[in-house]
Amino acid sequence: MTAQEVRLCGLLLQEHFGDVVENVGTHLIRNGVLTLRALAHETKLALDLVKKSLCVLVQHGMCTFGPGRRGPAGPVEYHINCEHILHMLRYPRYIYTAKSLYGDTGELIVEEILQRGQMTMSSTVKTVADRLTHNMPEGQSMDYNEVVSAFSRLVETHFLQRCPPMASAESSGTGSAETPPAVTQPSNPESHPDCYKLPYISLSGHGKRRRSSEDGEADQRAAKKAKTDSSECGDEGIHWQVNFERFHLHFRDQAIISAVSCKLDQTSGEIVRTMLRMSEVTTSANAAFTQALSANEIFRALPSNYNIARPILDQYLTLLVDDPMEFVGKAGDSGGGMFVVNLHRALANLARATLESVVQERFGSRSARIFRLLLRKRHLEQKQVEDFAMIPAKEAKEMLYTLLSENLVQLQEIPKTPDHAPSRTFYLYTVNQLPTARLLLQHCYKTVGNLIERRLYETKENKRLLEKSQRIEAILASLQATGAEATQLTEVEEMITAPERQQLESLRHHINNACLRTCGVNRSKPTRTCKLLTEMAVEPPRAQTSDLLAVRLDSSENQVDETIFLLESYINSTQASR
Amino acid sequence: MTEVKVKKESTDPVDIENRIKELCQQFPHGITDQVIQNDMPHVEAQQRATAINRLLSVGQLDLLRNSSGLLYRLKDTQSASKVKGSDNQEKLVYQIIEDAGNKGIWSRDIRYKSNLPLTEINKILKNLESKKLIKAVKSVAASKKKVYMLYNLQPDRSVTGGAWYSDQDFESEFVEALNQQCFKFLQSKAETARDSKQSPMVQRNSSFATSHEVWKYICELGISKVDLSMEDIETILNTLIFDGKVEMTIIAAKEGTVGSVDGQMKLYRGVNPIIQPTGLVKTPCGLCPVFDDCHEGGEISPSNCVYMAEWLDF
């Protein structure tokens, strides 16, 4: 766990769950595995607070527990899963994907499960139906069956999965040697045979609309009813969680398809999309290639609105295979040609394009030329770099040294003599893709941490200022109502100092700008934050300035998260192949 | 009474020299001592040697060595007249420089070859330069190094740097202009191919341009004062590849088709980038020059970041 990752995890935990959980979580990350008592001692919190925090973390799948170093007889140790915490960055993207695939119902289901960590099917269905009914016009309500069908579609395509069963007996502090827990390690959810099996539940009815006037009573009644209801449905103890891996595979496929569409054309992108769709369930998560698909199968599986003739399809496939980016490869000649999608190579190309784009934006297009040159030709001397890149010697030297100081380019020494004399040594510049990708990934984590901190700071600052201005206005209004003199009014107005007034003005200016701009940026990707925008457009903007700035920062966090995803997938793919 | 005039071979030294010169003219590749001996058998070795030495010192004969022995060759009268006023050492240096051809030779190498001390070499070089027999050319590789070559020779490409250098200066604007022109040509070709709406294979093939076509286009465009060869254009196209704007394939071509080199042809095609600028660079942190110094609670921190303030204002 690098320092940046720890910092980011801490910020995310604090934002979503509060300070106590953040405290507990950070200590667990720093110390690896800890027992309950050790954890309470480290964090200096009360024992029941620590227990509740651990419950929250376990509920969301971020923390696992198991017998510790002293075996089943000793105290339980808790082990935190950092990757899960970092997935919290990507929650908006998961929700958006569910919405684009399965509509509002799917979106709400995924959102609910992400918020609660784990839920039973029946409670999910009820909650979602209630929420949908709330947004519908009067007199209509959402039928449970529709929600159930959306849920089952999500399970069929493996976006939701059952939580793995816990160890049957949790060993307590005293330990019971005669009943060792059945499962000693947290099992992989996929290893459970019923992972994607829907339970049979008897659930029928409609979503209930919450009437604001009867809120208090309705809540109590609903709560009581929920308790009695869940005992009626047949899915006790079967909890569902979001299958992050499946979402990640989907994002990866999307990235590959968009790259192909950009590089070649729309039809090639569709062909690759068809190929990936056909191999969704047959290819394992870390495979380097999809299953081989014959041209006949691809032709049959193309969407019907893409009316292309068979020879044209063959031509497209040949072009895809001949492309230097090697997205698609040919694996044989039977069935009109067997084709595979080269997943690892595609990820490597995407990561490479990301690195090149960072160098280009940060240092200019000539430095990007040198960087690409070194990626292609591996090792080059100073003079050769100048010759190939056609850049004057002085400027080329300066650019190379800048890249070297930023650790994007490395220097390899090859001595001619055993004494390594500098005049008799070859100095070769080189770029290593994998270490550079890791470096950029750490930069991304730091950037997201910075954006979150800035957002919290802006919110805090503006809140103070806004509260003050609201107080002043309230005083003014009350004074005016009671008929005060002009001098008293001016005295009160002067309580806001000039720079603060200026700040308020610029904040109002920010809102209008940020509102316009973020709406433009986010039109293609309505996230939870954009919903906030549309709601805010109706309400008076002044009270929501900090929220709008937060929206701007939030959307940029999502953009950095896309980079994080590409780089992480690339690094994981290289580890899997070892 | 017919007097049989027997031509007595006079042993006059001048006659010997003239005879030797005539022999040299007969055999322009050079004559060996053996040949002279055969021709004038009555001349003694001593006289022969003096004659040859005199010719050498006057500078009318060249002494060469080949595998079988020494060769004497008539020296070109023109060049003979040139170095007439110079002494042996200068002649030696001049010869070394002449041998170096149009690549020129460095003063240190002259020293090695002639075994003369440095001061002598410098004096001789200055002398020869003032007589306008040799000239110094600054090498583009090492700007302090001067190579010497004959006055009327054109320096070789490796010394001057070829078409991209004018007076030791790399012409970057020229290169940039060529770069852009080539790219525009390839891009427009790709666009016309895309718009033609034919089958994809035909589209792709028609978007390719051989290096020969690009060369012809650039020549016709006339933006270059210097003549550019196909290799020069290929170096420019390589820089476009390193910019990520162009890709290249090599196909086999029949010998004799225009533009093919050794049975191969290089084809170039304009391409689009595969991703948009990545998310990291859309934030101020991605481009920040003081990124490594930024910590919460420090002088530079996310809370008081100037770049972020500007970006949020924007």
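Each chain gets a letter, A, B and so on, in the order the sequences are listed, and its residues count up from 1.
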Please flag which part of A:Ser556 lies under 4.5 Å from any non-hydrogen atom of chain B: side chain, backbone, both or neither.
both

Side chain, backbone, both or neither: which part of A:Ile370 has a heavy atom under 4.5 Å from chain B?
neither

So, do B:Pro277 and A:Gln360 sit near enough that their side-chain heavy atoms are less than 4.5 Å apart?
no

Any A:Met399 side-chain heavy atom under 4.5 Å of A:Phe363 side chain
no

Okay, A:Thr267 and chain B: the region with an atom under 4.5 Å from a heavy atom over there is neither

So which of B:Thr283, B:Thr249, B:Thr278 has the largest heavy-atom pair count under 4.5 angstrom toward chain A?
B:Thr278

Cut-off 3.5 Å, side chains only: do A:Asp265 and A:Ser268 have a donor facing an acceptor?
yes

Picking from A:Arg372, A:Glu361, A:Arg7, A:Lys377, which has the most non-hydrogen pairs under 4.5 angstrom with chain B?
A:Arg372

Counting heavy-atom pairs under 4.5 Å with chain B, which one of A:Gln315, A:Arg366, A:Glu461 comes out on top?
A:Gln315

Answer yes or no: does atom CZ of A:Arg378 have more than 12 heavy-atom neighbours from other residues, nucleotides or ligands under 6.0 Å?
no

Contact between A:Val431 and A:Leu408 at the side-chain level, heavy atoms closer than 4.5 Å - yes or no?
no

Region of B:Asn238 that comes under 4.5 Å of a non-hydrogen atom in chain A
neither

Under a 3.5 Å distance rule, please check whether B:Asn179 uses its side chain to pair with a backbone N or O of B:Cys182 as donor and acceptor.
no

Neighbours of chain A found in residues 298-305 of chain B - heavy atoms under 4.5 Å:
B:Pro302, B:Ser303, B:Asn304, B:Cys305

For the candidates A:Pro311, A:Ala353, A:Ser365, A:Pro392, which exhibits the highest count of non-hydrogen atom pairs separated by less than 4.5 Å from chain B?
A:Pro392

Under 3.5 Å: donor-acceptor pair, side chain of B:Trp215, backbone of B:Asp232
no

Please state whether the side chain, the backbone, both or neither of B:Pro284 comes within less than 4.5 Å of a heavy atom of chain A.
neither

Counting C-beta onward and ignoring hydrogens, is there a side-chain heavy-atom pair between A:Tyr457 and A:Ile452 closer than 4.5 Å?
no

Turns out that what part of A:Leu319 lies under 4.5 Å from chain B's heavy atoms comes down to side chain

Name the region of A:Ala389, side chain, backbone, both or neither, that has any atom closer than 4.5 Å to a heavy atom of chain B.
backbone

Among the listed options A:Pro324, A:Gly449, A:Ser258, the residue most often paired with chain B at heavy-atom distances under 4.5 Å:
A:Pro324

Does the side chain of A:Tyr570 reach to within under 4.5 Å of the side chain of A:Thr354, using non-hydrogen atoms?
no

Region of B:Glu296 in contact with chain A, defined by heavy-atom distances below 4.5 Å
both

Side chain to side chain, B:Val271 and B:Lys245, heavy atoms closer than 4.5 Å:
no

Main chain of B:Glu213, side chain of B:Thr210: is a donor-acceptor contact present, judged purely on distance under 3.5 Å?
yes

Check: A:Asn450 main-chain N/O paired with A:Glu453 side-chain donor or acceptor under 3.5 Å:
no

